[in-house]
Number of protein chains: 4
Amino acid sequence: MTEKKERILHSALRLFATQGFAATATSKVAKEAGVSEGLIFRHFVNKEGLLTAVMEQCSEELRSVLAEVMLTEDPTEVIRKLLELPFSISRSQYEMWRLSYALKWQANRYDQSSQEALKEVLIGAFSKLGYDYPEAETELILMYLDGAATSLLLHEPDGKPEILNVVKRKYGL
Amino acid sequence: MTEKKERILHSALRLFATQGFAATATSKVAKEAGVSEGLIFRHFVNKEGLLTAVMEQCSEELRSVLAEVMLTEDPTEVIRKLLELPFSISRSQYEMWRLSYALKWQANRYDQSSQEALKEVLIGAFSKLGYDYPEAETELILMYLDGAATSLLLHEPDGKPEILNVVKRKYGL
Amino acid sequence: MTEKKERILHSALRLFATQGFAATATSKVAKEAGVSEGLIFRHFVNKEGLLTAVMEQCSEELRSVLAEVMLTEDPTEVIRKLLELPFSISRSQYEMWRLSYALKWQANRYDQSSQEALKEVLIGAFSKLGYDYPEAETELILMYLDGAATSLLLHEPDGKPEILNVVKRKYGL
Amino acid sequence: MTEKKERILHSALRLFATQGFAATATSKVAKEAGVSEGLIFRHFVNKEGLLTAVMEQCSEELRSVLAEVMLTEDPTEVIRKLLELPFSISRSQYEMWRLSYALKWQANRYDQSSQEALKEVLIGAFSKLGYDYPEAETELILMYLDGAATSLLLHEPDGKPEILNVVKRKYGL
DNA sequence: AATGAATGAGGCTTCATTCAT
DNA sequence: GATGAATGAAGCCTCATTCAT
């Protein structure tokens, strides 16, 4: 991957995440990347192809973030790490999270693939911990994850740590 | 409000909610509403004005939905009604909810006004119920609300009722 | 059909006929027609649609020209009129003939539909006149037609009348 | 001439002949020839230069084909060979004929040079054979040539041999 | 109020051409 | 000689908006 190709990818991620895909002109991506507009199409075929490439990068990063949670043995730790996840989004990860969530709301771009594996792990964890409805608990904690991410990504990137304590206590942590 | 103006508003809501604002051409709105392209501009000045009108309608509807929660006396009931809220989104409300959430992710269109009043009520409710951190509990339940809405609006409009039971139990309901 | 639509059609015919379809920019058509470029697409969907519309006009005009020949009773007259046809292309018909021929040479745009009916008539005429191979004679005279059109359209729009006499004599006219 | 240069020339001939000059991208030529995009410009300066080189090749081949006719002593044989010419276009010559004819219809690319010499020969032949209007007969037979080429190149590469017999008889062959 | 033809700016994309390697 | 990344002008097309009717 050439340096310019990476610059395009990076600018596209930033702009798609903040302005939205449809509202971002390819000329803006090119300008921000310091590159000719034509180069985008040589590397990514079309605007859709650029989005796909950006999404693949996001998915990969997301997978690696979730892997950390999923490879944890102790079920209590799994829950704890997941609850903390949205509060520990780093500056460098901010845009990929934001794009991932923003795209869910754009016409038919919901990508659930990365969640499926996580679900299995969570159901296992809740089962081991003796919860009565492991599936429902899993769905609920994933909802919390979506809500926390939404809230933190949209207003206070620094988060309010007391919330984390409150939710942890609901899981006996 | 003439009938055609209302048809425009209705089509715009539907299309903006499902395709996104930027990705929806005004000509599509006109076609779906069965009116001429020019009429949109006579009634709403420009596309942005149409969006504003649609959002106002949404806000009003949202306010009336939240009012039902906020006017409840019993603090336990307030919590319960709020938890149930995302699970009781009716077909006719679906699009207004979806648009409201989709727009949050679009550049600078977040409208917090309706949440502020709700926050006050929730802090009051958690206080009365003797919770240790009413503010943090309020933030948390609002996160849950965002997460549940996200999840329910994006994939299972019918929801999974067991989740509701599980979360209710966390609040002793 | 509005006046501007007709102006577009007319300019497109002229430019496609002289510069070629692929080599003619839609902006050039618009400029020559004294019209905004966008109007082309409102009326004809895309550049291909514009070509189709132009071709349909040509086909119609061509059909009416050939009809004159085909409705002739006397077989000798049929032959004579056909032989004279390319020598009597008027200034106003020039572009439609030129486009019709030019397009034959462009990727897969040969339209034989108008020739089929003519073939039938010619085979009938040569048969009545007692020619030994009416089909082959028909093919030959159509070849002559293509050749004469090619020659006259490409260099001397005024033609050389002696050629006509020479060919007529080969058919005993 | 290097092998790659020849491959470019060959691909260009094929694509220009079938798709048209304006409609053929240099990148397509490079791809079909299996060379890099830049190489075309090293060898031929620009796209126009590539066309010129292709046309020169065509002209040379055409000249050698016509030379065979023109070097014939017997005037009857000259006529016969010319009449047979379009019916004897070989598969390997097909593209050069097609390009030559297609280009006639493109703005200002008609190359008459090779016809001039042929005209002289034909006038001579018709004169020797005692025809009344050798010049007009020459123009006519050249028209036939254009028509036959048009017809044979555009639809039936195998031709219909009876046509040849019919036309030969018109010249007493 | 309502239509729909018309505009023009700007969007996505292609493509001839250049240039560092 | 050869490559292929890169450019930028131009091409096709879309779309918000205007305006005569």
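Chain A is the first sequence line, chain B the second, and so forth, proteins listed ahead of strands; every chain is numbered from 1. Just so it is clear, the values below take in all heavy atoms, side chains as well, and ignore hydrogens, waters and symmetry mates.
The CE atom of M1(B) sits 13 Å away from the P atom of dA2(E) (whole-angstrom rounding). Atoms CZ (F44(B)) and C1' (dT18(F)) sit 18 Å apart, rounded to a whole Å. When rounded to the nearest whole Å, the span between CG of L15(A) and P of dG11(E) equals 13 Å. If you take CG of L50(D) and C1' of dT17(E), they are 13 Å apart, rounded to a whole angstrom. Atoms CD1 (I40(A)) and C1' (dG11(E)) sit 12 Å apart, rounded to a whole Å.
A cation-pi arrangement, defined by a distance under 6.0 Å to the six-membered ring centre and an angle within 45 degrees of its axis, is absent between K47(C) and F41(C). A cation-pi contact, defined as under 6.0 Å to the ring centre and within 45° of the axis, is absent between R98(D) and F16(D). K104(C) forms no cation-pi arrangement with Y101(D), by the criterion of a distance under 6.0 Å to the ring centre and an angle within 45° of the ring axis. For the pair R14(A) and Y94(A), the cation-pi test (distance below 6.0 Å, angle within 45°) is failed.
Although no hydrogens or angles enter the test, the distance criterion places a donor-acceptor pair under 3.5 Å between the side chain of Q93(C) and the main chain of S90(C).
Nucleotide dT13(E) forms a pair with dA10(F), judged by Watson-Crick or G-U wobble geometry with both contacts under 3.5 Å. Pairing partner, dA20(F): dT3(E), with both Watson-Crick or wobble hydrogen-bond distances short of 3.5 Å.
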Test log, rule salt bridge (charged side-chain N to carboxylate O under 4.0 Å, His left out), inputs E48(A) and R109(A): CA-CA 11 Å; E48(A) 200 72 30; R109(A) 292 206 204 280; 2.7 Å; yes

Protein proximity profile, nucleotides 6-15 of chain F - base contact B, sugar-phosphate-only contact S, no contact -, cut-off 4.0 Å on heavy atoms: BBB--SBBBS

